[in-house]
Amino acid sequence: MSENFYKEKSLLLKMLDESPKLRIIDFFLDNPFFDFTKKEVIEALRMNKQTFYKYFKELEEDGIVKISRRIGRAKLYKINLKHPVVVKLRELDEILSTQCLKEFQQTIQKVPKKS
């Protein structure tokens, strides 16, 4: 996985802050159709392993992330798109994206056009 894979701060993290738990959830929200090993998530987020495991265990127990498949002894995880918290976070992310797009469009309209 590329070192630059997950550098940009999402709108959700800009709005709600960067708690480790939310960073993990946000990573999976940004990649809802893919599954990852724990190691891949840790590397992508550049997160301390102890911090990751502390919060990931809670997310797994709460059903926010779930095992999608196994390859040998490795478990791959993905976001549980049916979990009520995930549903609401996706709705919030959509609202933030729409708001950001509107602000961008207004900014573009104010820029004078070159002749």
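Since we're looking at a predicted model, the values are computed, not measured.
Side chains of Y53 and K38 form a contact here, defined as non-hydrogen atoms less than 4.5 Å apart. In this structure, the side chains of L29 and D93 stay at 4.5 Å or more apart for every pair of heavy atoms.
Scanning for ring pair (Phe, Tyr, Trp, His ring centres under 6.0 Å) contacts around Y77 gives F56, with sequence neighbours left out. For K88, the salt bridge (charged side-chain N to carboxylate O under 4.0 Å, His left out) criterion is met by E91, not counting sequence neighbours. Residues meeting the side-chain hydrogen bond (donor to acceptor under 3.5 Å, both in side chains) test with T51, sequence neighbours left out: none. With sequence neighbours left out, the side-chain contact (heavy atoms from CB on, under 4.5 Å) criterion links D62 to I64. Remark: E60 pairs with no residue by the side-chain hydrogen bond (donor to acceptor under 3.5 Å, both in side chains) rule, at least two apart or across chains. Under the side-chain contact (heavy atoms from CB on, under 4.5 Å) criterion, K57 pairs with E61, sequence neighbours left out. Looking at residues two or more places apart in sequence or on another chain, you find a side-chain contact (heavy atoms from CB on, under 4.5 Å) between L81 and P32, I79, V86, R90. Evaluation of the side-chain hydrogen bond (donor to acceptor under 3.5 Å, both in side chains) rule for K21 yields E58 as partners, not counting sequence neighbours. Partners of D35 according to the side-chain hydrogen bond (donor to acceptor under 3.5 Å, both in side chains) rule, which considers only residues two or more places apart in sequence or in another chain, are S68, R69.
Residue L76 belongs to a hydrophobic cluster whose other members are I71, with links defined by side-chain heavy atoms closer than 4.5 Å.
Screening L59, N80, I25, V41 against V65 for a side chain to side chain contact (heavy atoms under 4.5 Å, CB included) leaves a single residue, L59.
For residues 73-84, no residue pair satisfies the salt bridge (Lys or Arg N to Asp or Glu O under 4.0 Å) rule, not counting sequence neighbours.
Of the inter-residue distances, the one linking K39 atom NZ with F52 atom CZ reads 13.0 Å to the nearest 0.5 angstrom. Put simply, CZ on F34 and CD on E40 are 11.5 Å apart, with the number rounded to the nearest 0.5 Å.
Note on V85 and I95: separate hydrophobic clusters, where clusters join Ile, Leu, Val, Met, Phe, Trp and Tyr whose side-chain heavy atoms are under 4.5 Å apart, directly or indirectly.
Heavy atoms only, all atoms of each residue included: N48 and Q50 are closest at OD1-N, 2.7 Å.
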